[in-house]
Structures are given as structure tokens and as C-alpha cells.
Protein chains: 2
Amino acid sequence: MPDAAARPLRSDCPLSAALDRFGDRWTLLILRDIAAGKRRYGDIAGSNEVIPTNILAARLKQMQADGLIESVPYQSRPVRSEYHLTAKGRSLIPIMQELCRWGLAHEEETRPPSGVFMMLKP
Amino acid sequence: MPDAAARPLRSDCPLSAALDRFGDRWTLLILRDIAAGKRRYGDIAGSNEVIPTNILAARLKQMQADGLIESVPYQSRPVRSEYHLTAKGRSLIPIMQELCRWGLAHEEETRPPSGVFMMLKP
DNA sequence: CGGGATCCTCAATGATACTG
DNA sequence: CAGTATCATTGAGGATCCCG
């Protein structure tokens, strides 16, 4: 598997650049989990939206390559790491909150007022 | 191809719901173009990031199904339509602007200060 | 010519099994 | 537990083709 590298950007448009970094189905959900305090692989894998493990591993690598998170080893043999947001990753929290507000306002018509699983503490 | 229908959501998380609507590589770029005044298929297809025509057609249908845009016929035989933002589509403009700001702040290090192709007028 | 539809190829995704 | 390997399926991205 080709190791994660910085991907090229499609154009000079900054919106396009942002989407090239986290405009996919999983990156922001992983970032949400880490921001919410989940630090280990298994915590994130156990989230409500069940992310396939191979994709989770690939995204964690890509997000490190993009500077959104960093991995901090907490034991060796076997090597185990925790994931933390970098400053760059933290800079996405307001965006996630705004997306969250939009989702609440526009996509909750049909669903019962069950639990809201997004709770980022600014 | 199954005609565009509202897709199911992965979970109750409103962030996830928002991403299920426009968390892909093209939807927001198309929305940006329409918001910036491009109304016809060819205008959007000619954008800086070259979107394949099959994807553009599919996205336009999906965005209508999701209520983000509406198509207004401006001639019949052959039927030709213009695309406009709905109120729901317009509600994404602040989000696009914030993404844009993020892209400028975090992803422009390497590129020369060439033109910025994103200019949404609030 | 504008607005697609269609076909093809290949990369990414997703499900699941497996391993250190 | 934290991933990697494998494999089927989907989707992206090009290149036409078609139809009015």
C-alpha cells in the first residue's frame, strides 16, 4: 500500500484545497471523535458510524501526513499510540460545529429526537 | 442507473448527516459555481477544476433531490435549464466561506499568491 | 453547439478474515 | 487490541457518442 503522502490540490481555489484535505466521508468524523476525547484506535473504530478498519488506518495515516493529527506512543512492544489533534486539526473544530448546526437545522426532520452524538466542547 | 434519491444517513449525528449531503469532492464546488453566478451546465463544466460531465450530471440530479438547488427551464425543444440555489442551498454559503478561509490560512503555503478563484458575495 | 448519456478503466471503498 | 491482507463492489475520471 502506498504510504500516505500529501495529495496534490486540484486548483488554486481555497475551497477546493480545503475539500481536498477533509472533504470525504470519514476524515471529519474521525476528527470529531478525537476532539471528543477518543484517543485510541479501538475507541474510534467503535463509533456510531461503523468505519471499516482498513479505511480508519488509511485515514489516520493520511491525517498525520496532512498535519491534522499526531500519534503519541504510549507503550512499546507492541507499539501502541494515541492520536491527538494538532493546532491545524483544532482549527477545524469551528467548521465541524457549523456543519453540525447545519445538519441539525436541515436534516433532522424525519428522525426522532434521539440522542445527539456530536458534542464538541470548544 | 438508479435515479437520484435521498440517500440514507449513517447515524443520528448531525455532522454525519451534513457530510452525507455534501461531504464529497464535487458538490460544494458546484454549489460555489452556482452561488457565484454560473447558471448553466456549460458554465459549471468549464470551471477551473475540471469535473467530468457524467459526474456533473449525476451531482446536479442529486443536489436537486436533496433540495440544494432547483432547475428552471429557460427553453423547450430542446429542454434547457438553469440552476439556482434554494434557501437550503444558500444556507451553505457561510460554510463554504469558512472552508475557504481555512483553505487560505492552511493550504496556501506552497502556492504563489496567484488569483483566488473563490469569491462569494454574501 | 449545448446537455447530456454511455462505455471503459482504474482507483477507492467497504466487508470481513487474518495476524503480531 | 491495533492494525494488515484479501477480495467484491462502487465510484471517479476520461473519451466518445448521441440527440435536438
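Sequence lines set the chain letters: A, B, ... in the order given, protein chains first and strands last, and positions in each chain run from 1.
Within the 4.5 Å cutoff, the side chain of A/Asp24 has heavy atoms near those of the A/Arg59 side chain. By the 4.5 Å heavy-atom criterion applied to side chains, B/Ile30 and B/Ile69 are not counted as neighbours.
For B/Trp26 and D/dG11, the shortest distance from a side-chain N or O to OP1 or OP2 is not below 4.0 Å. When the side-chain nitrogen and oxygen atoms of B/Arg25 are compared with OP1 and OP2 of C/dA12, none of them lie within a distance under 4.0 Å. For the pair B/Tyr83 and C/dG3, the criterion of a side-chain N or O lying under 4.0 Å from OP1 or OP2 is not met. Contact between the side-chain N/O atoms of B/Lys61 and the OP1/OP2 oxygens of C/dA5 is found at a separation under 4.0 Å.
Side-chain proximity of B/Arg40 to the nucleotides D/dG13, C/dG3, D/dG3 is greatest for C/dG3. The side chain of B/Ile55 has D/dG13 as its nearest neighbour among D/dG13, D/dT4, C/dG14.
The minimum heavy-atom distance between A/Ala45 and A/Ile51, with the atom names listed, is CA-CG2, 4.4 Å.
In this structure, CG of B/Leu56 is placed 14 Å from P of C/dG2, rounded to the nearest angstrom. Protein atom CZ of A/Arg39 is 15 Å distant from nucleotide atom P of D/dG3, rounded to whole Å. Here the C1' atom of nucleotide C/dC1 and the CD atom of B/Gln75 are 12 Å apart, to the nearest Å. As rounded to whole Å, 14 Å separates atom P of D/dA12 from atom CG of A/Asp20. As rounded to whole Å, 11 Å separates atom P of C/dG14 from atom CG of A/Leu29. B/Ile51 has its CD1 atom 13 Å from the C1' atom of D/dG11, to the nearest Å. Distance CG (A/Leu19) to P (D/dA12): 14 Å, rounded to an integer number of Å. The distance between atom CG of B/Asp24 and atom P of D/dG13, rounded to the nearest whole Å, is 10 Å.
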B/S/- contact track for nucleotides 15-20 of chain D, protein heavy atom under 4.0 Å: B----S
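No side-chain donor-acceptor contact under 3.5 Å links B/Thr86 and B/Glu70.
In this structure, B/Arg21 forms no cation-pi arrangement with A/Trp102, as its terminal cationic atom is not both closer than 6.0 Å to the ring centre and no more than 45° off the ring axis.
In this view, B/Pro78 and B/Gln75, B/Arg80 satisfy the side chain to side chain contact (heavy atoms under 4.5 Å, CB included) rule, not counting sequence neighbours.
Of the possible donor and acceptor atoms, one in the side chain of B/Lys88 sits under 3.5 Å from a partner among the backbone N and O of B/Asp66.
Using a 4.0 Å heavy-atom distance criterion, A/Arg10 is classed as making no nucleic acid contact.
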